[in-house]
2 protein chains.
Amino acid sequence: MARDLTKEKVVATAAELANKLGDIQQLKLKDLAARLKIKVPSLYNHVKGLDGLVHALRVHALRILEEELRNVMAGKTGRDALMSAADSYRAFAHQNPGIYPLIIQAKGIDAETEKVSRDILTLFLLILGSFGLEGDEALHTVRGLRSLLHGFVSLELAGGFALGLELTDSFERLLSTFIDGIEP
Amino acid sequence: MARDLTKEKVVATAAELANKLGDIQQLKLKDLAARLKIKVPSLYNHVKGLDGLVHALRVHALRILEEELRNVMAGKTGRDALMSAADSYRAFAHQNPGIYPLIIQAKGIDAETEKVSRDILTLFLLILGSFGLEGDEALHTVRGLRSLLHGFVSLELAGGFALGLELTDSFERLLSTFIDGIEP
DNA sequence: TTGACAAACTAATTAGATTAGTTTATAAAT
DNA sequence: ATTTATAAACTAATCTAATTAGTTTGTCAA
């Protein structure tokens, strides 16, 4: 039977489906299998069940985010770099509403997930370094930055903000306030 | 059979169980029924299935948070009020890790949920008012505040922060930075 | 004492994930 | 060209969880 289906295609299709649904809980193996034109048990040749799929989707999401952040940051420093990274983070969440929430669930972690997470952290620390932040100071600050980014986009995705006010304005003000607070 | 079991007891027990498990996904009707010493279908006399239970838990969570915020804010203004509210928000999340995440999922809302959500928003706006913030300015700021609170506690609960640095220190620095940014 | 009703029960159904065991297409080795 | 090994498909069966249907029972009010 050896078809040209790979684990990568399975994961990419699952990501597409999850993002279209907007919620990973609604992604069913039945639908994924149908989309791939195979039967459900055949999925197990590629991923270790639903748990394995979710793990793979998490790594997939982290990799995309890492790459986008790295690209957009290239050659920038300070406020410019931070603003670009923040916009890119938010855009990633908008484009991947289904799998976005996976990137923070880092509880039972495998080595691969940890590595990509650490790479992303390093990118943020690089930006903060260009503000002159080092050591514990930088670590506290990166926690703050991640909090505000994750908090804003997840509230936004969940429809948690009332209407009537530009979301992008709110986001840029929040970042401005934060940057003003960390600038020397 | 008319026992002394009420919807309130069902919901309170479900909240307990969810918080002990630390994740609402792991709350099974089987376990809830067992804890209440009834069979699973009997739960349907009190809540409309799992969906109804989750709705009730969301309102339950929002009510607890609203009351705790209101209590802790009583008689305080400015920095003092904001710090107390923030600590109380974070403490609520720590004490209710299972049901905490429900409070931001405000997508398909009923009137009751909306009301309590709005009450909480009003409390935050009250605090910001004591900083002299009004109108759109206040609304943008409250979005920022909610973002940073939700982002921090959800990352913290998900184990998303690396070890080795006091979480409470990070939280207080973040709040300080934010408050410095909104003070006149 | 009876009748209505709320709240319990058992039994059956549905949805979804998973496991067991079988078949088949490809590709390498004879 | 034939055989053989293997990966990847399949069908069938099982398990868990939620839900629905239909029945029984305890309490309270007439």
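What you see is a predicted model, and the numbers here were worked out from it, not measured in a lab. Letters go in sequence order (proteins before strands), and every chain restarts at 1.
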ask   = How many Å lie between CG on B:Leu36 and P on C:dA7, as a whole number?
value = 14 Å
message = Could you go through A:Leu145 and A:Leu82, starting from their C-alpha distance and side-chain angles, then the distance that decides it, and tell me whether this counts as side-chain contact (heavy atoms from CB on, under 4.5 Å)?
response = CA-CA 10 Å; A:Leu145 177 59; A:Leu82 185 37; 3.6 Å; yes
message = Over 60° means perpendicular and under 30° means parallel, so tell me whether A:Phe171 and A:Phe152 are parallel, tilted or perpendicular.
response = tilted
request  = Before accepting this row, confirm whether a basic side-chain N of the pair A:Glu137/B:Arg173 lies closer than 4.0 Å to the acidic partner's carboxylate O.
outcome  = yes
ask   = Between A:Arg70 and A:Glu66, is there a salt bridge with N-O shorter than 4.0 Å?
value = yes
message = For a quick test of reading the model: is some side-chain N or O of A:Ser42 closer than 4.0 Å to OP1 or OP2 of D:dC10?
response = yes
request  = Calculate the interatomic distance between B:Leu43 atom CG and C:dA7 atom P; express it in whole Å.
outcome  = 13 Å
ask   = In whole angstroms, how far is the C1' atom of C:dA8 from the NZ atom of B:Lys7?
value = 19 Å
ask   = When the distance from CG of A:Asn45 to C1' of C:dA25 is rounded to whole Å, what number comes out?
value = 14 Å
Under-4.0 Å salt bridge between B:Lys115 and B:Asp119 = yes
ask   = Roughly how many Å is it from NZ in A:Lys37 to C1' in D:dA8, rounded to a whole number?
value = 18 Å
task = Could you tell me, to 10°, how much the axis swings from one end of the helix from C:dT1-D:dA30 to C:dT30-D:dA1 to the other, five pairs per end?
result = 10°
task = Look at B:His46 and C:dA6 and indicate whether a side-chain polar atom (N or O) is within less than 4.0 Å of OP1 or OP2.
result = no
query = Whole-Å distance between C:dT26 P and A:Leu5 CG?
reply = 14 Å
request  = Side-chain contact test, heavy atoms from C-beta onward, threshold under 4.5 Å: evaluate it for B:Arg143 versus A:Leu155 and give yes or no.
outcome  = no
note = Under a 4.0 Å heavy-atom criterion, the protein footprint on nucleotides 15-20 of chain C, written with B, S and -, is -SSBB-
message = Ignoring hydrogens and geometry beyond distance, is a side-chain donor-acceptor pair present between B:His55 and B:Glu112 at under 3.5 Å?
response = no
request  = Calculate the interatomic distance between A:Lys39 atom NZ and C:dT23 atom P; express it in whole Å.
outcome  = 18 Å
task = State, with a plain yes or no, whether a side-chain heavy atom of B:Phe161 is found less than 4.5 Å away from one of A:Ser147.
result = yes
remark   = Between B:Leu175 and B:Ala86, the two heavy atoms sitting closest are CD1-CB, 3.3 Å
